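The next block holds one structure in the form of structure tokens; read it before the comments.
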Amino acid sequence: MTQNEMPKAFDPQAIEAGWYARWEADGLFIADAKSPKEKYCICLPPPNITGELHMGHALNHTVQDICARYRRMTGREVLFLPGTDHAAIATQNVIERQLAAEGMTKEQLGRDAFTSRVDEWYRDVGETIVSQDRILGISLDWSRLRFTMDPAYVRSVMTAFVEFYDRGWIYRAPRIVNWCPHDRSAISDLEVEWKEHQDTLYFIKYPIEGGGDVTIATVRPETMLADTGVAVNPADGRYRNLVGKTAVLPLVGRKLPIVADDAVETEFGTGALKVTPGHDPMDYEIGQRHGLEIVNGMNLDGSMNVPGLPYDGLPALEARARIVADLKKEGLLVKEEPYTHEVGHCDRCKSVIEPLISEQWWLRMEEMRDKALRASEAGKVRWHPERYENTYLDWLRGLRDWNIGRQLWLGHRVPVYYCANGHTTVSVHPPEQCDECGSTDFEQDSDVLDTWFSSALWPFATLGWPEDTEDLKAFYPNDLNVTAREIINLWVSRMIMTGLEFMGDVPFADVAITAQVQAADGRRMSKSLGTGVDPRKLITKYGTDALRAWVASVAMSSQDVRFDESRIEGYRRFCNKLWNATRLVLSSPGVDSADSPGVVERHEHLEDRWILSRLSYAADAVSAGIERFTFQDSINGAYSFAWNEFCDWYLEAVKDRLREGDAVAQDVAFQCLDTLLRFLHPIMPFVTEELWSRLPRRGDYLMRNSWPEPQFVDPGAEEEFQQVIAIVEEVRGHRQAAGAPARGGKLQLDGSVTGSIANLVARLANVELVDALDAPGTPLAVVAGRVVFPYGAGDARREKERKRLEDDLARITSRLENPDFQEKAPPEVVRNLEERAAAAREALNRLAEPDS
RNA sequence: GGGCGGUUAGCUCAGCUGGCUAGAGCGCCUCGCUUACACCGAGGAGGUCGUUGGUUCAAGUCCAUCACCGCCCACCA
């Protein structure tokens, strides 16, 4: 295969799909649970089936693919398991919006038709997501594709519920919950999104029995209809005499005990609080403490539930307006103040949350929480970056019981069955008959489970739990979980808890939290804002490898990253550079019969030893970056080696040798390419596989080749070649400053410069080496020598260099002259500075010599 | 209200345990189509590392403070 067969420019479109198809057809993604190799497993965080893949997925999936490919090459049996999540509440909202666009509601459609509509949607969107992962080159084991609504997965979910239930951890109880009036469902605290609202704080006078009154402050006057008490702080002298008395609720007439409670802030409002246990979490707790009555003043759709009052059935905001007006009429509205505060919204449909009392399914968390805390203390899960462990632990420590029930149409139905005689059966499969009365007439509980209940089982339910499958034995615990930080508490923590509970071990050893990609202007990327960027468009423009290289460079950034297309474009150029470097090496005569790289032993050329040494460092940097989850180090190391060392210096140095068919140069170049392509493969799988296939080699696929570990380190060669670079750069600088022609000129170097260095310099700087110059020439700073060009004049460069050296020397000397420095700094630092001072003096001396 | 992260060239970002003569990509300026690559090569301009203090022989790097920006957690109506 020669250069002539390679197009001049790299075209990602021409090769990517082909390689993916071949890898897949040859089963390279399929894991063998029976393999004797050490196992490595990642279960892909299942994307919600609510739409198409976006940048966040591209980033998340790429990071995992880098790890999966790397581990395959380092000899592990890798299972990288794909799947999707039904995302109950999110999907229901998507479908409802679709229906609304068609002028319909799910109620009109009916539950069965709604369900089949959902199934249809799952099929369509599931395929889109799958195909996008193929475009991204994600090496997922498609033979094990899972969906949280698959029958087997549903069985895992039911089993988990029943196990928890049998342990007595699942119970049903009325509590105050976050109620979404739009979804007509409770949601958990973590699903509430807080947003700043500009509201009004109303000060309302409540008369007191036996005379007097107390003024309270509220932003939600409509909830006063459900007030059952008034509370003040026990330490508040202003109200001490009121405690124990009874206030009378305006507009309603209900009698309200006045109680003392520490939770009341004396500073806020008037220091007196109206207590509405039915519609405020804090009031609920105060109510509990003081035995206050609970009044339910609201319907499930957010309208008022106050039979007998004129506000009954009104939407909350309308009721508020009417109530305020009525209070004003009665002279009970003391004042209104503008007030800015945070209001909870449903994170899926954005409706304002109405806290209310509702009977829900709860899961006790104490024991699981404690096990998780102990696992953390034992260092069972490593977080990257480490600081996120605290985020997780802080939340865990304050954990309360989890409201796992949802009143949705979509999701896993709670496996609780009620017979006609009112007996309850909890079982994985629908019961045949009631154990207590033999009834065969059952009705299933209408609640579904929180999506995160099923997601929490992902690392083992996907592997077949509760069956003791081969996969489960081989691949649990998994090794890695990669997620965005917003999902640490919702998902990661719960996987850890259920993993410990059901499998007796943490679900993974490492958690990597990636940065978030923002739009170029710093806003969040979102479809609705129009700030989203479709990864497929980027791939069409720049190729998958370019996108992935960019992902590697930003994924583990300490801060969120703004999208910058020019950086992706830069990596496309990098692909092209690799392409052309390979093309150059392959154009060398006789390469068709070349052996696999690394067979030639004689490395008498300085540049050969140098580049092989640099190659070893680069390989180490790439490995270390992946191992430590700092992928930016990997891509940066590979990039600078490939471009700034291999292409810029090595290939330039050996061009002539390659042209002459020098077998050693060919071999070294192949070794570099072979190694480079291998260690770049996890990040840039397509271009590396393509180029590697064109190299003389052993083996069929780069993808299943071994990870390179070159160990040729040669400090002497590095130092000598560094001198080559320094001299060449100085000669080039003089050439341009003088306006001399691009090639030609004579260079005289003194005997301190070895022959191999001088020869390389001459070639790379396009000058002729001479023993003596026929003109005075310009002295060099880095080494004793002079250069003369055919024409061109001026010594701007020399002056600048002199200035720089003088400044540098002054700075160094002042430090060296400081006795404290001499005394306290480590000797090697002092020595280093002394050497630099000496070098600067020498260079200045050379420059001080007269010239032409 | 707590906690965490960020603030480094015009833009997007690197700078690990203090020793930096502060880097990269893009953009900008000047040359150059030299048989790998103009998706290129060579040379160059550009930064008192958010503020104010402190620790240290030495601070972008450690400590404190303030100012913005962002995120997470939290039952102040």
Side-chain angles (χ1 to χ4, degrees), chain A residues 3 6 8-10 176 189-190 194 201 216-220 223 231 263-265 267-269 272-276 280-286 339 341-342 355 385 387-388 390-391 394-395 398 485-486 488-489 516 518 520 522 524 542 553-554 557-567 569-587 628 630 632-633 636 639-640 644 647-648 651-652 655 658-659 729 732-733 735-737 739 741-743 766 797 800 804-805 807-808 811-812 815 818-826 828-830 832-833 836 840:
Chain A
Q3 168 201 14
M6 284 179 77
K8 201 171 159 185
F10 171 58
I176 191 145
D189 291 347
L190 288 172
W194 294 90
L201 189 60
I216 57 86
T218 179
V219 275
R220 295 199 305 157
T223 64
V264 181
E265 294 284 333
E267 303 297 313
F268 189 89
L273 170 72
K274 71 191 231 353
V275 183
T276 322
D280 184 282
M282 187 174 96
D283 292 10
Y284 178 78
E285 293 190 3
I286 293 175
Y339 182 57
H341 65 145
E342 301 262 294
R387 65 186 135 94
Y388 287 114
N390 283 328
T391 305
D394 285 348
W395 180 78
R485 56 173 180 264
E486 63 187 10
I488 289 173
N489 298 329
Q516 224 121 32
Q518 302 172 333
R524 66 179 282 139
Y542 306 111
S553 74
V554 303
S557 171
S558 59
Q559 58 180 325
D560 287 344
V561 286
R562 294 187 178 199
F563 178 69
D564 180 4
E565 194 163 330
S566 75
R567 286 184 69 183
E569 191 183 347
Y571 287 114
R572 182 191 63 181
R573 296 185 194 178
F574 180 50
C575 292
N576 190 247
K577 192 74 180 174
L578 295 173
W579 184 268
N580 278 289
T582 306
R583 210 158 66 90
L584 170 66
V585 176
L586 287 172
S587 72
R628 299 205 299 245
T630 51
Q632 62 275 23
D633 295 340
N636 290 346
Y639 185 101
S640 62
N644 304 122
C647 290
D648 286 354
L651 288 182
E652 292 303 326
K655 255 181 187 170
L658 286 174
R659 218 168 276 147
E729 286 181 342
R732 284 174 180 165
R735 188 192 291 284
Q736 296 226 4
R743 14 182 87 247
N766 286 312
R797 154 99 201 192
K800 222 184 81 190
R804 212 209 86 223
L805 285 165
D807 291 350
D808 200 24
R811 205 175 317 119
I812 294 169
R815 284 176 67 187
N818 181 345
D820 282 337
F821 175 73
Q822 293 283 355
E823 197 183 316
K824 294 178 182 169
E828 66 269 21
V829 173
V830 178
N832 178 275
L833 224 52
R836 272 173 53 197

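Side chains included, hydrogens not; waters and symmetry mates left out as well; all remaining heavy atoms used. Here is how names work: the chains are called A, B, and so on, in the same order as the sequence lines, proteins then strands, and each is numbered from 1. Keep in mind the model is a prediction, meaning the values are calculated, not measured.
Among the heavy atoms of the strands lying under 4.0 Å from A:R804 is at least one base atom, whether or not backbone atoms are also near. Residue-level contact check: A:Y339 touches the backbone only, with heavy atoms under 4.0 Å from sugar-phosphate atoms and none from bases. Within the 4.0 angstrom heavy-atom criterion, only backbone atoms of the sugar-phosphate kind lie near A:V561; the bases stay farther away. Across all strands shown, A:C647 has heavy atoms under 4.0 Å from base atoms, whether or not it also approaches the sugar-phosphate. Backbone-only contact: A:K8 has heavy atoms under 4.0 Å from sugar-phosphate atoms and none from a base. Among the protein residues, A:Q559 comes within range of the sugar-phosphate backbone only, with heavy atoms under 4.0 Å from sugar or phosphate atoms but none that close to a base. Counting non-hydrogen atoms under 4.0 angstrom, A:R811 reaches the backbone sugars and phosphates but no base. Heavy atoms of A:L190 sit under 4.0 angstrom from primed sugar atoms or phosphate atoms, though from no base atom.
With a 6.0 Å cutoff to the six-membered ring centre and a 45° limit on the axis angle, A:R572 does not count as a cation-pi contact of A:Y542.
An OP1 or OP2 oxygen of B:A58 is reached within less than 4.0 angstrom by no side-chain nitrogen or oxygen of A:R815. Regarding contacts with the backbone of B:G6, every side-chain N or O of A:Q516 stays at 4.0 angstrom or more from both OP1 and OP2. At B:C40, one or more side-chain N or O atoms of A:R573 fall inside 4.0 Å of OP1 or OP2 (strictly under the cut-off). Taking only side-chain nitrogens and oxygens, A:R797 comes nearer than 4.0 Å to OP1 or OP2 of B:G44. Between A:K800 and B:A45, a side-chain N or O to OP1/OP2 separation shorter than 4.0 Å is present.
The closest donor-acceptor contact from the side chain of A:N580 to the backbone of A:N576 lies under 3.5 Å. A donor-acceptor pair is defined here as one N or O able to donate and one able to accept, closer than 3.5 Å; such a pair exists between the side chain of A:N636 and the backbone of A:Q632.
Comparing A:S553 and A:V829 by the nucleotide of RNA chain B that holds the closest heavy atom to each, the one mapping nearer the 5' end is A:S553. Comparing A:K655 and A:A9 along RNA chain B, the residue whose closest nucleotide (by nearest heavy atom) sits nearer the 5' end is A:K655.
Relative to the side chain of A:E342, the nucleotides B:G43, B:C57, B:A74 differ in distance, and B:A74 lies closest.
If you check distances only, the side chain of A:Q632 never reaches the base of B:A14 with a donor-acceptor pair under 3.5 Å.
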